[in-house]
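Structure, as structure tokens:
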Amino acid sequence: MNYLGLDLEPEVQSAVGPMVERWGTHPSWTRIVASPAPYLDLERDLARLTGAPDVLAFPTVTLAHLGVLPLLASPADTVVVDRAAHRSMQEAAELAAARGAALRWFDHRDEASLVRALDGVRGRPVVVVDGVYSMTGTVPDLAAIVDLVAPAGGLVYVDDAHGIGVLGRDPGGPEPYGTGGGGVVAHTGLSYDHIVYVGGLSKAFSSLAAFVTCRDPDERARFEQASTAVFSGPVPVASLATALAGLAVNAERGDELRRHLHRLTVRAIEGARERGWVIDNPLAFPVIKLVTGGVERTIAASRVMWEHGILFTPSVFPAAPVDRGGFRISLTAANTDDDVDRLLAALDGVTAALGPPPGRELLSPA
């Protein structure tokens with residue numbers, strides 16, 4: 001998914017050649033050995049985008065998690081993980097636990113469960129959540145979580161792989177997603193005092209790269225010690241080029257692209273709801289989870305969608321509960337009203353083939 005459609009923008013397409021000509025196809029070393037200037041340019045632009053004091057680039061979000069989260073949660077601390085958090089963060093938390101940190105879990109979108117998990121924690125709590133949940137487009141109440149952990153000097157560790165580039169500051173009015181595309185922290189108006197924020201560029205910016213925010217030079221120096229920063233390979237030069245070009249396009253006309261994307265997403269969600277589909281997506285985020293039911297029903301529905309030319313992400317057991325299979329539709333700014341019409345026609349085809357969609361009792365809790 002490329003929410004902003006930047007892989008079709010001429011500036012992005014033309015950015016690769018000149019950078020490869022200057023820097024080669026691949027730096028071939030870790031950043032502890034050498035750090036080409038495009039890395040520093042990318043980090044500067046990402047810090048400007050997010051409003052964070054500084055950021056450190058990683059090749060992927062997963063590598064950022066595996067390196068940074070075990071550094072944040074020392075053997076004296078407690079990691080508290082949302083059960084619906086992305087699997088890459090769960091594994092990073094388990095790695096932190098293997099190195100001595102305490103590990104607790106809480107139920108998704110359940111503040112009482114989080115309060116219980118925080119009760120009597122050892123050391124500093126590090127609460128782990130997604131910024132935007134990738135199957136439903138929902139967001140956590142970050143302000144409430146920060147209020148719970150701040151008195152104990154705790155942190156909220158946020159994976160916003162999907163929110164970066166879509167959500168931004170001052171949402172409302174003509175800018176429902178907010179402006180700038182700086183992500184869920186900007187969207188909620190919070191500071192980074194108690195937040196460590198991880199974002200990736202593969203969703204909105206069509207590039208292989210990720211980053212983690214740093215609150216001060218000491219924290220950056222600490223994150224630079226992460227094993228996945230010291231020992232992993234670098235971001236390819238072509239990806240650095242497209243990331244920088246995508247950020248430039250975002251700065252120039254990202255809000256226009258987001259307004260178009262929001263309008264299409266609202267059309268798609270409202271059309272699906274009119275056809276009986278139950279969708280919880282309060283921000284009209286451009287991922288739409290459609291629950292179809294059991295595995296066989298989901299496979300049959302998927303075949304109908306394919307026959308209508310719809311590209312989607314299927315979700316069946318074990319990736320989803322056995323009775324809550326379905327598919328995720330991802331809209332982009334490159335889509336058109338005709339594309340939404342085709343999607344709604346495909347949903348009509350699913351109903352004609354299988355009957356009405358399931359009710360709210362099968363809606364995924366994530």
Side-chain angles (χ1 to χ4, degrees), residues 1 3 62 81-91 93-94 105-110 112-113 128-140 159 161-163 203 264-332 335 339-366:
M1 66 198 69
Y3 295 126
T62 297
V81 186
D82 184 344
R83 295 184 191 279
H86 195 272
R87 183 59 195 165
S88 60
M89 281 195 293
Q90 294 185 24
E91 292 184 351
E94 289 164 353
W105 302 83
F106 69 97
D107 295 329
H108 180 60
R109 298 173 76 178
D110 187 337
S113 177
V128 175
V129 295
D130 284 21
V132 175
Y133 286 80
S134 62
M135 294 300 292
T136 60
T138 56
V139 301
D159 174 348
H162 289 267
K203 307 303 183 189
L264 290 183
T265 305
V266 168
R267 269 204 67 207
I269 290 174
E270 290 180 350
R273 285 173 175 159
E274 289 169 1
R275 289 158 171 80
W277 295 88
V278 178
I279 300 170
D280 275 351
N281 192 330
L283 297 180
F285 196 84
V287 290
I288 304 172
K289 173 69 178 294
L290 299 169
V291 177
T292 50
V295 174
E296 295 302 320
R297 181 181 172 91
T298 299
I299 292 172
S302 296
R303 289 187 177 126
V304 175
M305 298 290 282
W306 276 113
E307 289 168 0
H308 283 79
I310 304 299
L311 178 65
F312 60 93
T313 304
S315 176
V316 296
F317 183 82
V322 68
D323 62 342
R324 293 178 182 166
F327 35 82
R328 178 181 65 184
I329 304 296
S330 303
L331 283 89
T332 82
N335 286 129
D339 294 329
V340 174
D341 291 340
R342 179 185 294 185
L343 168 62
L344 298 178
L347 297 182
D348 288 337
V350 171
T351 299
L354 302 177
R360 180 166 291 277
E361 70 278 359
L362 287 186
L363 190 66
S364 170

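For the single chain, residues carry numbers from 1 onward in sequence order. As the structure is a prediction and not an experimental result, all values here were calculated from the model.
With hydrogens and angles disregarded, no donor-acceptor distance shorter than 3.5 Å links the side chain of Asp280 to the backbone of Thr136. Side chain of Gln90 to main chain of Ala85: a donor-acceptor pair is present (N/O by atom type, distance under 3.5 Å, no hydrogens or angles). The closest donor-acceptor contact from the side chain of Arg303 to the backbone of Ile299 lies at 3.5 Å or more, if one exists at all. At least one donor-acceptor pair under 3.5 Å links the side chain of Thr292 to the backbone N or O of Gly325. The closest donor-acceptor contact from the side chain of Arg328 to the backbone of Ile288 lies at 3.5 Å or more, if one exists at all.
When side chains are defined from C-beta on, Asp348 counts as touching Arg275, because their heavy atoms get closer than 4.5 Å. The shortest distance between side-chain heavy atoms of His108 and Tyr133 falls below 4.5 Å. Within the 4.5 Å cutoff, the side chain of Thr298 has no heavy atoms near those of the Pro314 side chain. Residues Ser330 and Lys203 form no side-chain contact, since every pair of their non-hydrogen atoms from C-beta on lies 4.5 Å or further apart. For the pair Leu347/Met305, a side-chain contact is recorded, criterion being any heavy-atom separation below 4.5 Å from C-beta on. A 4.5 Å side-chain heavy-atom check between Asp82 and Phe106 finds at least one atom pair inside the cut-off. Residues Leu331 and Val340 meet the side-chain proximity criterion, which asks for heavy atoms closer than 4.5 Å. Residues Pro357 and Val291 have side chains not in contact (no heavy-atom distance under 4.5 Å, counting atoms from C-beta outward).
Under the side-chain hydrogen bond (donor to acceptor under 3.5 Å, both in side chains) criterion, Arg267 pairs with Asp337, Asp341, not counting sequence neighbours. Taking the side-chain hydrogen bond (donor to acceptor under 3.5 Å, both in side chains) definition, one finds that Glu307 meets it with nothing, sequence neighbours left out. By the side-chain contact (heavy atoms from CB on, under 4.5 Å) test, Val304 is found to be paired with His308, Val350, Ala353, residues two or more places apart in sequence or in another chain being considered. Under the rule for a side-chain hydrogen bond (donor to acceptor under 3.5 Å, both in side chains), the partners of Arg83 that lie at least two apart in sequence or sit in another chain are Asp107. Applying the side-chain hydrogen bond (donor to acceptor under 3.5 Å, both in side chains) criterion to Asp130, with sequence neighbours excluded, gives no partner residue. In this view, Glu91 and Arg87 satisfy the salt bridge (charged side-chain N to carboxylate O under 4.0 Å, His left out) rule, not counting sequence neighbours. A search for side-chain contact (heavy atoms from CB on, under 4.5 Å) contacts involving Arg273 returns Ile269, Ile279, not counting sequence neighbours. With sequence neighbours excluded, the residues that form a side-chain contact (heavy atoms from CB on, under 4.5 Å) with Ala161 are Val61, Asp159. Qualifying side-chain contact (heavy atoms from CB on, under 4.5 Å) partners for Leu283, counting only residues two or more places apart in sequence or in other chains: Val139, Leu167, His187. Checked against salt bridge (charged side-chain N to carboxylate O under 4.0 Å, His left out), Asp339 has no partners two or more places apart in sequence or in another chain. Residues that satisfy the salt bridge (charged side-chain N to carboxylate O under 4.0 Å, His left out) test with Asp110, not counting sequence neighbours, are absent from this structure.
Between the CG atom of Asp323 and the CZ atom of Arg297 there is a distance of 12.5 Å, given to the nearest 0.5 Å. Here CE of Met135 is found 4.0 Å from OG of Ser315. Values are rounded to the nearest 0.5 Å.
Nearest heavy atom pair, residue Pro358 against residue Val278, reads O-CG2, 4.1 Å. The shortest non-hydrogen separation linking Ala272 to Leu344 is N-CD2, 3.7 Å. Between Gly137 and Asn281 the shortest heavy-atom distance is O-OD1, 3.8 Å. Listed here is the closest heavy atom pair of Ala284 and Val266: CB-CG2, 3.8 Å. The heavy-atom pair separating Pro140 from Val129 by the smallest distance is CG-CG2, 4.2 Å.
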- Message: Is there a side-chain contact (heavy atoms from CB on, under 4.5 Å) between Ile329 and Leu343? Walk through the geometry before answering.
- Response: CA-CA 9 Å; Ile329 304 296; Leu343 168 62; 4.0 Å; yes
- Query: Where do Val81 and Met89 land on the side-chain contact (heavy atoms from CB on, under 4.5 Å) test, with the steps shown first?
  - Reply: CA-CA 8 Å; Val81 186; Met89 281 195 293; 5.7 Å; no
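Residue pairs satisfying the ring pair (Phe, Tyr, Trp, His ring centres under 6.0 Å) criterion with at least one member in residues 278-306, sequence neighbours excluded, are listed as follows: Tyr3-Phe285, Trp306-Phe312.
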